[in-house]
Amino acid sequence: MSKTLAASRWIPGVAVKVNAIAPLSIAAGHEIKQWSRLPMNPCLTVGVTTHNERDNITVLLDRLLRLPKGRIRIILYDDGSADGTAALIAKHPLFRQENFQAHLADVNFGSPSVGRRYIAEHATTPYLTFVDGDDLIDPDALAAAAERLRPGFDIVMTPFVLRNEINFVKEFDNDRPISNSTISRLLSGIAGKIYNREAVFLHAKDDIKGRSEDVRLNMRIVLAGFDRVRIEKVKPFYFIETSRKSTYSKNILPEELSARVSNYRTLKDRYGLDDIYLRTLHRNLLEVVQRDPTLTESERKIQRRTINAAMTFQLRDVVHVMRDLSSLSTRMRATPAIIQASGQRAIRHTWMALQGSETHPAVKNAQRPSDRQASCSFLDQCHFAEAVVIIHDDSIKQFPISIQSQLSRLPLVQMRWSPLMSARAKAPSQDAPAWATMELCSASRIVCANGQDGALYKQCGINELETIKRPVQVRSSNTYDVQENKRFSYVMSSDGHPEEVNFLVELARVLKDRELAPLHIFAVNPDQAPVLEELSARLAHVGALEVAVVERGVTSRSAIYDQARIVILPPWGDNAGDSILESFSFGVPVITPGYLPGAAEIIRDREDGFILDEFSPQDVALRLELIPLADYAALSTNCFARHKEFSVEQYLTSIETIASDVARDFPGENSLPIVDSLHVWDALETHGAFPLPAIRSYARRRVFRLRGKAVRVLVLLRVAEPLRWIRKRMTSALQ
């Protein structure tokens, strides 16, 4: 690419004419030393920009004094220091050397860009390197690097040291120096970089005051076509004692950030890069916001959204984590349809299971933890603004540590399919994840399958949650026929509660007494044989065998619903939502107790089904007796239309919407504790709404944020007494 000015040519040891550059108009200042004619041809200029560095400038000048005078020149620009820095410079022995020049500005500009432009204007060497007043150099290493310089390069990158740790690109190829592995180092900082003098002169001007001046300088140089980059793995000559990254997010300017993102996209297209630089920048900016002690939580959230809006990341990956796909199918019967539909989405859905599945052996985008290298490689490519992990159970802590760490750095969403309490006994669900396991895992959002669970979580002080519609595989046509569908169907719960036998025997007896249609009882669990034998014996004892037909081992949904006039939902079990939607997909209305989790959110009473506050056999029989035969056709039409609102497509769209929101607001770490149902219910049952744990949880989160750690557990009221006891004992010991 052509440049505005031809680059100065340089041959070591031979004096050549330097291209004339028009003088730069700057704020009034005064020279305190001018150049002397040097006997040798210098090859490198060290430019020092400083402001109020009285405590550091002498140490830096001592090291600069050891540089070879004939080969390296030094230009110092002080940006209006008011702490005596200028006096220290004038007294230093380096001031009297012929290879040193200094300029003191009367007015502080507030940015090193003016100083760098001045240095580039007054330098007579083909190459420049910069150092700030609070940094150090290794004179011997710098002299050695200078002797390796050859003409024809615009930027030479070398290692540098930050807090005793050498920083350098991991991989590089000088035949293709601008690549994904080098772009972040190329654009960030001046440490260890040596520049073409002309490139700096033309592009050092920067009207923005604040952070990231070095990044903007490097980006302007490369964008202008000064892209002849050389990477030298030499001994580091540049040392930074402490990072100068601002801890205040007020220095993050949305307009400047948007311009930087736009400029990078130009470089991305030009050099075939990916978004690795933007991802790194995004992570660093979020860390600044997260650690800024001056922000409130609401201000922090606004800052994160501002950064995310400027970075314009889009959700690309949703990673589903579970024990195995078969177990997921027991929680959500539409799983096969979901897996199949997810393969057709624009956003990639990846299914990561601990075990293989005989039911779904060939899942698209499946990852097996047994192949750790492949799984880690896949997760390593996921950026937390573009990928979200959906946890379907408590299996995440059973994955290998290497995979756990990769999953935990991404936003986590906990899917809560099992209700927090069982329907009939209103007791805590016993199939919930173990507290000992889940207390070690945090998330960014909790998704509930019904509003009742959401209300319980909110009483625990957890508001970062969503409620999602359960999915069902949509059927194309309604085959319901009032004349053909004559029986009342009942699908037994998989657990086989003893109370269920009593309920069914009494219901059959009442139906017989009222001369209603027969009751068909379907048992889908083959392990229920003892319960079914007891049920048959009890039905025979009351003389209700002719009105209660028990069908065992039925797995076909068509066999259950094809001839059903209405489905009576068992008041036990945790999959009421799936059962209702399956029945609706066949156009069969449902009668259900109102306390079943999620039932009232699906069924519209008397439109597509019936919700009973009391669900005794007498109440169920009375409701069945009062439904006119002519009403069943309208009920069927309504419930069949209703089930289409719960399609697999709407479920996947909801998942992607939630994931996009979580990724957009992700602060860089998961901090929401995943609370076990047993603890939630015990605390609610004992203490009601208990505002104290919410207050304690908030205080705990604040403390952990200040320490840079995520909150691991929600402090519940049940630990208050042990804490009081410990405090009392400690107080007594101190006295």
Side-chain angles (χ1 to χ4, degrees), residues 180 183-184 187-188 211-212 215 245 249 252-269 273-292 295 297 299-321 345-350 352 365 376-391 403 405-414 442-447 464 466 652-672 705 708 710:
N180 291 322
I183 189 64
S184 295
L187 296 183
S188 62
R211 57 180 287 136
S212 308
V215 174
K245 281 187 178 179
S249 57
I252 301 174
L253 308 176
E255 296 81 4
E256 184 271 339
L257 181 58
S258 297
R260 199 191 317 176
V261 171
S262 177
N263 288 337
Y264 178 78
R265 297 198 186 283
T266 300
L267 296 178
K268 175 183 174 182
D269 295 338
L273 306 174
D274 59 20
D275 287 333
I276 185 171
Y277 169 76
L278 295 181
R279 294 173 182 174
T280 304
L281 174 63
H282 186 241
R283 182 183 65 248
N284 293 340
L285 293 179
L286 289 181
E287 288 179 359
V288 170
V289 172
Q290 189 68 15
R291 296 174 182 177
D292 189 342
L295 296 179
E297 283 305 309
E299 292 172 337
R300 211 181 304 275
K301 187 173 184 179
I302 292 173
Q303 283 281 33
R304 287 198 295 262
R305 290 195 170 185
T306 300
I307 293 171
N308 289 334
M311 302 297 283
T312 61
F313 283 103
Q314 299 293 329
L315 183 70
R316 295 183 179 181
D317 287 282
V318 175
V319 183
H320 300 264
V321 175
R345 310 286 293 187
I347 294 175
R348 179 173 57 175
H349 289 255
T350 301
M352 183 170 286
N365 294 331
C376 288
S377 176
F378 163 73
L379 292 172
D380 187 55
Q381 298 173 10
C382 296
H383 178 52
F384 58 74
E386 300 174 325
V388 171
V389 177
I390 308 292
I391 309 173
I403 298 179
S405 61
Q406 290 279 29
L407 290 170
S408 299
R409 71 177 179 81
L410 301 173
L412 300 182
V413 175
Q414 170 70 25
S442 297
S444 289
R445 195 75 56 90
I446 292 176
V447 177
E464 297 89 346
E466 301 279 351
L652 289 172
T653 299
S654 298
I655 286 289
E656 292 169 359
T657 301
I658 293 172
S660 297
D661 291 342
V662 170
R664 185 188 65 235
D665 296 335
F666 186 58
E669 61 181 5
N670 296 285
S671 59
L672 179 67
R705 284 195 180 101

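Please read these numbers as outputs of a predicted model, since none were measured by experiment.
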Give a yes or no on whether a salt bridge exists between Arg409 and Glu669, defined as a side-chain N under 4.0 angstrom from a carboxylate O.
no
Hey, are the side chains of Val215 and Tyr277 touching, using non-hydrogen atoms and a 4.5 Å cut-off?
yes
Indicate yes or no: does Arg304 engage Asp665 in a salt bridge with an N to O separation below 4.0 Å.
no
Glu256 bridged to Arg260 by N-O distance under 4.0 Å:
yes
Give the ring-plane orientation class for His320 versus His349, where under 30° counts as parallel, over 60° as perpendicular and anything between as tilted.
parallel
Set of residues satisfying side-chain contact (heavy atoms from CB on, under 4.5 Å) with respect to Gln381, sequence neighbours excluded:
Ser377
Is a salt bridge present between Arg316 and Asp275, judged by a nitrogen-to-oxygen distance below 4.0 Å?
yes
Tightest non-hydrogen contact, residues Ser660 and Leu315, listed as OG-CD2, 3.5 Å
Separation of Ser249 OG from Ile307 CD1 (nearest 0.5 Å)
7.0 Å
Please report the shortest heavy-atom distance between Pro411 and Ala663, naming the atom on each side.
CG-CA, 4.4 Å
Distance-minimising heavy-atom pair for Met311 and Arg265
O-NH2, 3.3 Å
CD of Glu299: more than 12 outside heavy atoms within 6.0 angstrom?
yes
Can you tell me how far the OG1 atom of Thr306 sits from the CG atom of Leu285, to the nearest 0.5 Å?
11.5 Å
Any residue meeting side-chain contact (heavy atoms from CB on, under 4.5 Å) with Ser405, in chain and number order, not counting sequence neighbours:
none
Would you mind reporting whether Phe384 and Leu286 have side-chain heavy atoms less than 4.5 Å apart?
yes
Does any part of the side chain of Ile390, heavy atoms only, come nearer than 4.5 Å to the side chain of Val447, both counted from C-beta?
no
Are the side chains of Ser444 and Asn670 in touch, meaning some heavy atoms are under 4.5 Å apart?
yes
Minimal heavy-atom distance between Thr653 and Arg345, with the atoms involved, is OG1-NH2, 3.0 Å
Quick one: do Leu407 and Val321 satisfy side-chain contact (heavy atoms from CB on, under 4.5 Å)? Show the steps, please.
CA-CA 9 Å; Leu407 290 170; Val321 175; 4.0 Å; yes
Given the rule in the side-chain contact (heavy atoms from CB on, under 4.5 Å) test, do Val288 and Asn284 qualify, once you have shown the distances and angles that lead to the verdict?
CA-CA 6 Å; Val288 170; Asn284 293 340; 5.7 Å; no
Do His383 and Ile276 have side chains that get closer than 4.5 Å, going by heavy atoms?
no
Of all heavy-atom pairs linking Asp274 and Asn180, the shortest is N-OD1, 2.7 Å
Can you name the nearest heavy-atom pair linking Gln290 to Arg300, along with the distance?
O-NH1, 3.0 Å
Checking Thr280 against Ser184 for the side-chain contact (heavy atoms from CB on, under 4.5 Å) test, could you report, in this order, the C-alpha distance in whole Å, the side-chain angles of both residues, the deciding distance, and whether it holds?
CA-CA 8 Å; Thr280 304; Ser184 295; 4.2 Å; yes
When you measure from the side chain of Asp317 to the backbone of Glu386, do you find a donor-acceptor pair of N or O atoms at a distance under 3.5 Å?
no
Output for pair (Asn263 CG, Leu187 CG), nearest 0.5 Å, gives 10.0 Å
Can you tell me how far apart CD1 (Ile347) and CD1 (Ile655) are? Round to the nearest 0.5 Å.
11.0 Å
Can you tell me how far apart CG (Leu278) and NZ (Lys268) are? Round to the nearest 0.5 Å.
7.5 Å
Tell me which one of Val388, Leu412, Ile391, Val389 satisfies side chain to side chain contact (heavy atoms under 4.5 Å, CB included) with Val319.
Val389
Any chance you could lay out the side-chain contact (heavy atoms from CB on, under 4.5 Å) test for Val662 and Ile658, step after step, and finish with the verdict?
CA-CA 6 Å; Val662 170; Ile658 293 172; 4.2 Å; yes
Ser262 side-chain N/O to Ser258 backbone N/O, donor-acceptor pair under 3.5 Å:
no
What distance do Ile403 atom CD1 and Cys376 atom SG have between them, rounded to the nearest 0.5 Å?
5.0 Å
